[in-house]
Amino acid sequence: MKTLPIHGQSPRQPGERALWTSLEDLDGTARGPEGEFPHGAAEAPAALGRRSFLQLMGASAALAGLGACHPPREKIYPYVKQPAEGLPGQISHYATALSLDGYATGLVLTAIDGRPIKVEGNPAHPASLGAAGILEQAALLDLYDPARADGFRSRGLHLAWRKLLEEIAALAASHAKDGGEGLAFLLAPEASPLLADLRRRVQARFPRARFRVWAPLAEDQAAEGARLAFGRVLDAQPRLDLADVILSLDADFLSGPGDALRLAREFARRREPGEAMSRLYVAEPALTITGAVADHRFRMRGSEVAGFARQVAGALGAIPAEAALPAGREARAVAADLLRHRGRSLVLCGPRQPAAVHALGHAMNAALGNPGETVHHTAPVLGEARPEPGALADLAREIQAGAVRTLVITAWNPVYAAPAGLDLGALLAKVENAIYLTLREDETSRRASWVLAASHPFESWGDGRARNGTVTLQQPLVAPLKESTTAVDLLAAFLDEGNRGAREHLKALWKARSGPAFEASFERWLEQGMIPGTAEPAVAAPVHAEAVAAAVRALPAAPPGLEMAFARDYSLADGRFAPNAWLQELPDPVTKISWDNAAYVSPATARRLGFRNGQRVALSLPGRSLEAPVWIQPGHADEAVTLALGYGRTADGPVGKGVGVDAYRLRSAAAPWFEGGLSVAAAKGEHRFAVAQGHFSMEGRPIALDFTQEQWKRESHELDELRGPEPSLQEPVDYSKLENAWGMAIDLGKCVGCSACVVACQEENNIPVVGKAQVAKGRIMHWIRVDRYFQGPPEDPTVIAQPLACVHCEAAPCEYVCPVNATVHSDEGLNEMVYNRCVGTRYCSNNCPYKVRRFNFLAWRGEAAPTEKMLVNPDVTVRARGVMEKCTYCVQRIERVRIEARARGARMGPVQTACQQACPAEAIVFGNLRDPGSRVSQAHRDPRRYDLLHGLGTRPRTAYLVRIRNPNPELG
Amino acid sequence: MAPMSSLFRPWANLLSRFSLAAVAAGALVTLGTVWGYWRTPYGKRQGDPVSQPVLFDHRHHVVDDAIDCRYCHATVDRGASAGIPSTQTCLNCHSQVWNKSPKLEPVRRSYFTGRPIPWVRVHKVPDFVYFNHAIHVNKGIGCVTCHGRVDRMAAVEQVAPLTMSWCLACHRDPGPNLRPPEQITSMTWEPDGDRAALGRELMKRYDVHGRTSCTTCHR
Amino acid sequence: MSPPAATAAAREALQPPRLLPAGITDRQINDSLLDHVWNPRRGWWTLFAMALAGTGLLVMGLGVTLAYGIGMWGNNQPVGWGYGIINFVWWIGIGHAGTLISAILLLFQQRWRTSINRFAEAMTIFAVIQAALFPLFHTGRPWFAAFWLFPYPSTLGIWPNFTSPLIWDVFAVSTYFTVSLLFWYLGLIPDLAALRDASTSKAKRIAYGVFALGWRGSARHWQHYRIGYLLLAGLSTPLVLSVHSIVSFDFAVSQLPGWHTTIFPPYFVAGAVFSGFAMVMTLMIPARKYLGFEHVVTERHLETMNKVMLVTGMMVSYGYLMEHFIAWYSGNPYEMFVILNRATGPYRWVYYAMIFCNVLVPQTFWWRRARTSIPWMFAAAVLVNVGMWTERFIIIVTSLHRDFLPSSWGMYFPTWVDWSIFVGTLSFFSLLFLLFLRFVPAVAVTEVKELRHELAHEAAHAAGGHR
Amino acid sequence: MSARTRWVLARFGEAEPLLAAARALRQAGHASIDIHSPFPLPGTAEALELGRSRVPLLALCGGLAGVGTAIAMQVWMNAVDYPLNVGNRLLAGKPNMVPVMFELGVLLSSFAIFFGMMGLWGFPRPHHPVFEVEAFRSAAVDALWLSVEVKVEDAERVAQALRGSGALEVEFAPEVEA
């Protein structure tokens with residue numbers, strides 16, 4: 001029964017390559033021979049045929065149960081030579097890292113029997129602090145993706161590794177003759193010291209070779225803004241835990257590259273009610289998770305943020321009056337609040353804003369005395385590997401001019417993500433040797449003459465730097481599952497050192513940079529996953545006020561009419577995670593749409609244009625046009641349309657192919673984020689979204705509770721109705737005699753709604769992916785979900801997120817209705833779900849008032865590729881078709897801790913659930929309610945505690961803590 | 001005399017009753033057989049010596065050589081699985097003794113080719129049962145309790161039924177199956193004196209709580 | 001008949017329509033009621049072929065479900081139960097009329113039952129067979145449900161959970177089916193003997209002879225038979241009430257708004273009788289024509305049945321009224337929402353169809369013209385069947401699709417597999433029914449004879465004492 | 001002493017003479033008398049002095065056995081053998097047990113009634129000497145018959161008596177060993 005992580009693996013013929021063909025069925029694009037079953041009602045499940053037949057046969061055999069029908073006995077294959085360490089089935093943890101957008105996040109990977117099965121944060125690492133985001137965690141699925149690129153080929157011919165090295169050596173030698181005149185590199189932004197070192201050495205060998213750094217979602221405007229404000233590029237390093245008042249100018253700092261986990265942690269720590277509570281103002285166009293937790297959210301089009309910033313800056317006196325704009329009521333109040341907290345306030349500026357706004361942000365921080373307090377500045381961590389605006393355009397010009405003979409691309413998928421109008425695909429054909437290093441066969445690999453499979457970060461050596469500069473080491477957990485190489489080896493190949501191995505390069509570099517006791521230190525660094533004390537030092541950075549003022553004055557006014565805005569997608573980032581089924585299925589943290597992007601518009605704009613949800617519309621900008629389905633998003637700025645990037649893939653494996661629409665086709669190099677002059681017209685057809693949450697109003701029910709500080713002072717007693725004992729005919733079971741009584745507390749005030757817990761749970765508990773059609777049918781399998789509710793006017797609502805998994809009711813309504821005792825209570829108060837006993841009546845799910853139970857309607861896993869079987873957590877039963885499943889409070893972790901402690905005769909240590917561990921905001925607390933000192937016990941005694949649906953008398957073990965907001969009374 | 005019109009001869013009474021009884025009995029016997037089958041040693045695969053790719057004789061190794069179980073099954077007190085010895089472990093001795101024996105040819109072949117010996121599993125619980133050797137061994141359950149007198153088996157066979165009710169019986173009342181730590185691997189240990197009292201004492205000493213919550217074994 | 005014809009005619013006009021034609025003899029009763037067994041009616045094979053083809057849909061639907069899983073149905077989270085349980089409750093409700101007519105009317109000594117009880121009992125059994133398919137096949141793993149639901153000592157050492165209404169269902173439905181079958185068969189034995197003895201071919205005689213078990217109509221037989229039959233009727237009466245009460249516990253014992261209601265047991269029983277009578281009417285009206293039974297299933301029978309439908313329809317309407325009232329009176333916002341959602345939510349058209357069919361349509365039976373118009377009563381019966389199906393849809397789907405947390409609200413849409421199983425059970429039901437009409441007397445011949453005997457006896461008394 | 005007997009069958013047109021004939025035969029000392037009718041004929045049990053049926057007693061025993069089984073089963077399975085905390089409910093909650101108690105009581109009671117009757121009747125019994133008489137086929141259709149088992153040598157005399165008491169037709173079944 002222990003099989004596979006992904007639904008829809010079709011049975012393959014022997015010898016056939018592992019292809020995820022059947023997942024195409026799920027996303028609604030299948031036009032194969034199976035097309036006789038229309039989508040929706042009449043979908044044929046993917047795993048037909050042999051497997052189902054065997055199941056039926058198995059069933060009849062079980063019923064007959066007679067005769068010599070024993071299954072064949074299993075084989076046991078022991079080691080030939082026992083390795084020195086590790087027991088079969090024992091967990092081992094390795095520190096490693098993953099770099100996204102150039103910055104490394106330290107991770108700890110769990111491996112069992114040599115297979116990495118779980119990604120967790122590295123508590124010692126400054127960018128993780130023990131948490132892990134959705135992308136870092138889901139990257140593990142990419143590792144096992146059977147559709148990954150495999151091997152090396154040049155002009156369609158497969159090359160063995162050794163042969164590849166020879167070919168590159170020959171190529172390098174030919175370029176070396178003219179100093180690398182025709183040699184160009186298109187690199188991804190990457191703070192890796194090792195890559196920087198190799199780049200320097202390659203540059204030294206090929207002095208005339210050109211290096212370009214490019215990424216589709218580059219933060220180049222921030223760098224430009226720093227240059228404007230400080231005269232040189234500097235990184236700002238904010239400290240939210242020290243900030244009393246925060247103004248975010250289109251900065252969704254709780255998600256996105258580099259530092260979101262740390263910022264979420266710091267932000268959440270200041271969200272407990274009282275004097276120390278921070279206050280967050282957010283000005284943004286589309287609702288983000290940061291906007292959702294703001295105390296005041298000002299919705300405005302992206303191009304209007306600059307104007308708002310000028311109003312605030314003017315009221316602060318940060319810029320001369322002629323550069324400022326007259327402040328409105330809101331800007332005045334914000335400025336006054338910021339001024340009241342000089343040195344304890346913070347202005348953050350989002351990467352989508354133009355350089356002048358970034359500069360203005362720096363000026364405001366300077367005027368408020370924040371540098372050195374809530375923000376400090378450092379030399380840019382990316383160093384030379386900073387993306388340059390126009391890098392791609394320059395490269396295109398050179399190719400056009402025939403100046404590039406060899407182009408080495410380690411940047412991700414430029415053909416797909418290049419701005420509209422730049423036909424890089426056609427240009428690549430002009431390059432004699434376009435060498436593309438890629439994890440998957442994608443749009444670019446189709447056009448490149450050389451395609452080299454890249455190793456996954458979890459199977460290769462490397463390094464990186466955290467956003468604060470801390471050098472982070474990336475060590476592999478498995479040998480590459482595919483024949484592949486790394487950027488390090490590829491660059492080294494141009495130095496004729498390709499065969500030395502990334503590990504040797506890494507050690508050589510750090511041996512040179514560290515002291516004599518290198519070997520010992522290196523072992524220690526690997527253990528810690530980083531080199532301590534390597535954070536970038538702060539530098540003093542005076543702001544050039546006149547330059548800022550000049551730049552601000554030069555800012556154009558917001559253009560009238562509809563504005564097109566592009567956004568980084570929470571799940572797919574720039575699109576590189578499109579082949580990742582976990583991320584595709586993960587509902588968008590704000591809209592709860594899974595397997596899609598959509599053109600978000602505000603309710604008012606939709607009304608004006610007469611648009612309905614799901615209606616297809618044509619979005620037109622000068623010379624470009626795209627059809628996209630509309631999604632009416634409360635809280636969106638009026639007269640603007642936001643579309644997330646990264647969808648509408650045409651290559652890159654079957655999972656992401658054809659999901660959503662490709663916003664890059666609409667995105668120009670000149671206005672990469674906001675562009676005015678959008679015209680929209682209704683197009684033919686209706687789009688069916690797969691939305692994981694169908695209803696966003698609480699209907700006046702006390703579900704996800706939210707008070708302002710003022711209300712909390714007056715009305716906190718109202719919570720008494722939602723907690724404490726309820727009269728019952730049944731005497732509650734006494735748990736006081738046991739050592740443990742497990743419980744959980746979820747602090748809605750801390751939760752930022754990022755959904756990291758959902759992916760953590762999916763990874764830990766072998767939760768299958770079901771595909772778009774099944775999500776649309778209401779069959780998503782996530783054990784923990786993050787509900788999002790809107791309150792107040794639909795135009796500008798208050799937004800609250802509520803993570804919800806099984807709450808482990810002491811008087812569980814699901815249990816007494818199960819006819820076969822498949823769900824019962826454990827002695828320690830867990831609501832147990834026994835898959836192997838379940839016959840699948842679904843009565844428990846019906847009677848669960850929280851609707852947290854998930855049913856295996858079909859054989860979600862089908863047949864998995866061999867690599868995907870490696871992903872399965874062996875501590876958790878893989879559920880068969882026809883059984884119910886749900887959150888177990890990670891009982892496998894509880895039992896592992898228990899057995900390991902008690903086998904040694906020790907007492908049980910603390911247990912962490914997967915969701916708790918991943919949560920960057922520390923909103924989820926799990927532990928022993930019998931221990932009065934445990935954090936969960938304290939949370940259960942918190943005055944903010946309440947029980948969800950308390951009146952039903954279910955006595956949930958998961959308690960909620962109400963969210964308190966801290967609005968500015970002046971804006972009341 | 002009226003014409004003979006009767007449909008059924010007298011034997012029809014017997015036949016009809018017998019047929020009905022046969023149908024009823026047949027149904028009961030079928031159900032009972034299916035039900036009973038799983039209770040037979042055959043249904044549970046007990047008492048079926050399993051032939052292995054190497055003619056390994058536990059009798060010889062345990063009795064004659066007096067090798068402790070843990071020499072080969074080394075992870076039994078630390079890990080979930082008891083551990084099947086690596087080929088290397090076999091050759092620790094057999095590179096010196098019987099190193100020319102044709103019976104050990106598969107072992108040497110494994111060692112030199114690097115391919116593991118395909119041992120055949122004898123004790124199998126379903127995949128949804130999470131059995132952990134370490135906790136049982138450390139809490140005083142001896143090898144012989146579940147695996148029987150391996151020292152008397154030429155080829156190992158399953159002795160215990162390995163059914164859930166068998167597991168539950170011990171989890172409900174572990175005392176009688178506990179033994180002192182030094183006797184865990186003994187095949188012959190018998191308690192002197194009061195078994196029940198010893199069981200109670202060992203329960204206390206080991207801090208044993210037999211749990212029957214489902215997630216003890218099913219996760 | 002001795003009284004002068006004129007007096008008889010006058011009396012005839014004053015009496016309610018007769019239960020039996022005047023002057024009919026036992027032989028005539030026997031011949032006319034068994035005729036359809038000897039001489040299959042025209043079109044039987046056509047109907048049988050149609051029903052068989054429809055049963056193919058059932059086999060296919062269940063086969064697809066077994067092969068691929070419940071995912072082939074429309075069920076989802078939050079609507080864990082859909083057509084499967086709707087059809088289960090609907091069929092089991094239909095299956096109530098037979099026992100009710102046989103048992104309760106027997107205990108109340110309602111003579112008009114004799115013409116329809118066999119028919120209704122057969123319908124009960126066939127309906128319960130349809131119903132019993134669903135609890136098994138709606139489970140995710142029927143191959144385990146088939147035996148884990150029964151409390152047998154297993155090697156697992158674990159037992160069913162007797163607090164679950166589904167276990168009660170298992171006991172209730174299997175008991176109901178078994179007792180109904182025994183009751184039906186017991187009543188059938190004298191008729192099988194009559195068939196045996198009236199058969200002309202040897203094969204038929206043997207076949208019916210085997211099933212008649214050797215019935216000789218002996219005084220000893222009748223002595224036990226009468227008391228046994230009466231006792232079974234006495235047991236069946238609370239049984240029939242218990243079965244739908246227990247089915248209603250599936251809902252009432254849960255915690256869901258719209259389900260958690262104390263009125264459910266009586267309301268379900270009334271609904272079951274209502275739908276059962278409607279189904280009897282739906283089948284009886286064409287069947288009496290088809291079989292030429294107008295002389296035993298008279299207009300008086302039909303009118304009485306319509307009166308019962310009116311009464312039970314009023315009880316069901318009262319149930320609806322109370323559901324709404326309690327939802328309001330309880331002050332429970334979740335309950336109030338469910339009622340509101342039924343009337344104004346996305347499934348409101350089903351709700352209004354239910355109100356129309358179950359509340360408004362039976363009201364026409366206040367009028368004698370409606371009660372005696374065969375086309376109208378047939379239409380009304382069909383509408384009530386539809387209405388009772390929509391009632392189950394409303395109860396199950398609307399309560400589930402929007403419950404406590406709006407975040408988990410969803411919609412339910414049946415799939416082609418749901419439809420083919422539903423149509424398949426209708427066909428399978430018809431198939432069994434056609435077989436019944438082909439091989440077994442559709443009217444309790446013996447009881448009609450007994451009734452004739454009693455009526456003749458009374459007539460003799462009425463005509464002036466002993467002969 | 002001849003052990004051979006045969007059944008004498010007499011068809012009557014009305015119930016009263018039939019019952020009178022039966023009473024007369026009883027008084028004449030015949031033990032094996034039976035009346036056959038296509039529907040339950042009032043007065044037969046009294047005429048044949050059959051006494052009270054034991055079926056109600058069987059029904060009661062069956063019912064009590066069912067209820068007892070249900071209680072024992074539920075208490076033992078859910079509260080004694082494997083007590084599980086199921087939603088904080090009582091292990092052997094009395095209201096919970098009622099439905100199964102009732103159903104099992106009805107089931108076993110019905111079984112007792114049905115199979116008890118089969119036993120009392122000696123069913124299945126497709127063969128009986130009276131079936132050998134072709135005319136007896138009207139017994140299940142519309143005719144009233146009286147049957148009596150007599151010694152072979154008495155048969156003709158009894159037939160005469162029956163004819164005298166109003167039988168429309170008298171038939172003899174073949175001789176059988178007693």
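Protein chains get the first letters and strands the later ones, always in sequence-line order, with residue 1 at the start of each. Note that these values count all heavy atoms, side chains included, but never hydrogens, waters or copies made by symmetry.
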If the cut-off is 3.5 angstrom, what donor-acceptor pairs do you find between chain D and chain A?
unit_1: D/N85; atom_1: O; unit_2: A/H825; atom_2: N; d: 2.8
unit_1: D/N85; atom_1: ND2; unit_2: A/Y735; atom_2: OH; d: 3.3
unit_1: D/G87; atom_1: N; unit_2: A/E815; atom_2: OE1; d: 2.4
unit_1: D/N88; atom_1: OD1; unit_2: A/V733; atom_2: N; d: 3.1
unit_1: D/N88; atom_1: OD1; unit_2: A/R955; atom_2: NH2; d: 2.7
unit_1: D/N88; atom_1: ND2; unit_2: A/E731; atom_2: O; d: 2.9
unit_1: D/L90; atom_1: N; unit_2: A/Q730; atom_2: OE1; d: 3.4

Legend entry - chain D contacts, top residue of A/P813, A/C809, A/A812, A/C814 (heavy-atom pairs, under 4.5 Å): A/A812
Legend entry - Counterpart residues, salt bridge (Lys or Arg N to Asp or Glu O under 4.0 Å), relative to D/R54 (two or more places apart): none
Inset, instruction - Sort out for me which of A/V733, A/V824, A/L729 touches chain D most, counting heavy-atom pairs under 4.5 Å. - result: A/V733
Inset, instruction - Heavy-atom distances under 4.5 Å only: say whether D/L90 touches chain A with side chain, backbone, both or neither. - result: both
Inset, instruction - Return the set of residues passing side chain to side chain contact (heavy atoms under 4.5 Å, CB included) with D/A59 (not counting sequence neighbours), or none when no residue passes. - result: C/L231, D/S109, D/I113
Legend entry - Counterpart residues, salt bridge (Lys or Arg N to Asp or Glu O under 4.0 Å), relative to D/E169 (two or more places apart): D/R11
